[in-house]
There are 2 protein chains.
Amino acid sequence: MDKSILFTKCVSLITSVHRVTHKLTKNSKSDSITPIQYKILEYITVSQPVTPSEISDCQHISMPNTSRELKKISEKNLIEKISDPADRRKQFIRLTEQGEAMMSESFKSLESLFLTRIQNASKEDLQDIEHAMDILQTKVFY
Amino acid sequence: MDKSILFTKCVSLITSVHRVTHKLTKNSKSDSITPIQYKILEYITVSQPVTPSEISDCQHISMPNTSRELKKISEKNLIEKISDPADRRKQFIRLTEQGEAMMSESFKSLESLFLTRIQNASKEDLQDIEHAMDILQTKVFY
DNA sequence: TGATTTTGTTATCAATTGATAAGTAAAAGA
DNA sequence: TCTTTTACTTATCAATTGATAACAAAATCA
């Protein structure tokens, strides 16, 4: 196995992912949301419930800045903070119904593109794609 | 096959790709280069020679801001501006030798970080990963 | 218990980035 | 020729984002 070729494929895939999803991040200008707030909301959407520390670590935003942005998002009623009864220092962040609605709306154009692309895929293709996503998620892009 | 679950996995993977890429490019960035300057340099690298207008259009940066950043990058001796003899309003932007060296170094360190990440993968894993990348590249992110 | 670590907040300042107005020089068009 | 358009620059202000210090409360540890 030539790992150099594998790296080239990886770069190619990354570029494609960026290109295909550019529309998603671009259309996310949903009024009062800044890019970093969208990024945080995106992470919360796929990982909820999450703690502020996890957001800080995974999105490479300092804790004070994470706290500031979470406060702003919270004031827009897009997320809610639930304190952990087992450890009262911790907070679990979740999307509110309004937040879910906004992110779902935001993902819609991407989803329709995605569904269009896989609409003609066979059952075997779909299983291949799912397996491929699992592989890359766990082994490369973790 | 629930296509909705498949889409969720897709979003999750996209998010991870963004996060990992950000981490990798962050590590490879030179100290004196800001994120937007890196983005511009990356575009110049794969598309040179380019004009400021093309950079502005393709990277969605306004002309005044593009001009400002190009000036800064130029002052760091990473690019050079060559005016088009056929149309003296136009400029062709190219990487200088120093700029080429920097981007090449940056690409190399990106690769080494990728290799580190897959270094413990078995031969079967590597084949799985390659196959997964091919699948997603051809069926979803084309 | 008392010291230390973890988790998160508030406040503040600097740097980066975005947006807009105004201007220059060259090319294109009437 | 003279007007308009194109390509780019300069200047300026506002918003976003990054970085750091100081703090509080709860958990852990010794």
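- One finds a side-chain N or O of Lys81(B) lying less than 4.0 angstrom from the OP1 or OP2 phosphate oxygen of dT9(D).
- Rounded to an integer number of Å, the gap from Glu69(A) CD to dG18(D) C1' is 10 Å.
- Comparing Leu70(B) and Pro85(A) against DNA chain D, the residue whose closest nucleotide sits nearer the 5' end is Leu70(B).
- dA15(C) atom P lies 17 Å from atom CD1 of Ile33(B), rounded to whole Å.
- When each of Glu69(A), Glu42(A), Lys72(A) is paired with Gln37(A), the side-chain hydrogen bond (donor to acceptor under 3.5 Å, both in side chains) condition holds for Glu69(A) and for no other.
- Atom P of nucleotide dT9(D) and atom CD1 of Ile93(B) are separated by 7 Å, given to the nearest angstrom.
- Between Gln37(A) and the phosphate of dT16(D), there is no side-chain N or O to OP1/OP2 separation shorter than 4.0 Å.
- Closest approach to the Pro52(B) side chain among dC8(D), dG18(C), dA11(C) is made by dC8(D) (side chain taken as heavy atoms from C-beta onward).
- In this structure, Thr34(B) reaches the dT17(C) phosphate: one of its side-chain N or O atoms is under 4.0 Å from OP1 or OP2.
- The closest donor-acceptor contact from the side chain of Thr66(B) to the backbone of Ile61(B) lies under 3.5 Å.
- Distances shown here put every side-chain N or O of Arg89(B) at or beyond 4.0 Å from the OP1 or OP2 atom of dT6(D).
- Distance from the side chain of Arg68(A) is smallest to dT12(C) among dG18(C), dT20(D), dT12(C).
- Scored by the side chain to side chain contact (heavy atoms under 4.5 Å, CB included) test, Thr96(B) finds Glu80(B), Gln98(B) as partners (sequence neighbours excluded).
- If you check every strand for non-hydrogen atoms under 4.0 Å, Thr66(B) touches nothing.
- Checked against dT17(C), dA27(C), dT20(C), the side chain of Pro35(B) finds its nearest nucleotide in dT17(C).
- Taking atom CD of Gln59(B) as the reference point, atom C1' of dT17(C) lies 15 Å away to the nearest angstrom.
- Ile36(A) places its CD1 atom 12 Å from the C1' atom of dT16(C), with the value rounded to the nearest Å.
- For Lys71(B) and dT10(D), the shortest distance from a side-chain N or O to OP1 or OP2 is below 4.0 Å.
- Between the P atom of dC8(D) and the CG atom of Asp57(B) lies a distance of 10 Å, rounded to the nearest Å.
- Distance, Gln91(B) CD to dA7(D) P: 12 Å, rounded to whole Å.
- The distance from atom CE of Met63(A) to atom P of dT10(C) is 11 Å, rounded to the nearest whole Å.
- A donor N or O paired with an acceptor N or O is found under 3.5 Å between the base of dA19(D) and the side-chain atoms of Asn65(A).
- Scored by the side chain to side chain contact (heavy atoms under 4.5 Å, CB included) test, Asp57(B) finds no partners at all (sequence neighbours excluded).
- Between the side chain of Thr45(B) and the backbone N or O of Leu41(B), at least one donor-acceptor pair lies under 3.5 Å.
- Note on Lys90(B): every side-chain N or O is 4.0 Å or more away from OP1 and OP2 of dC8(D).
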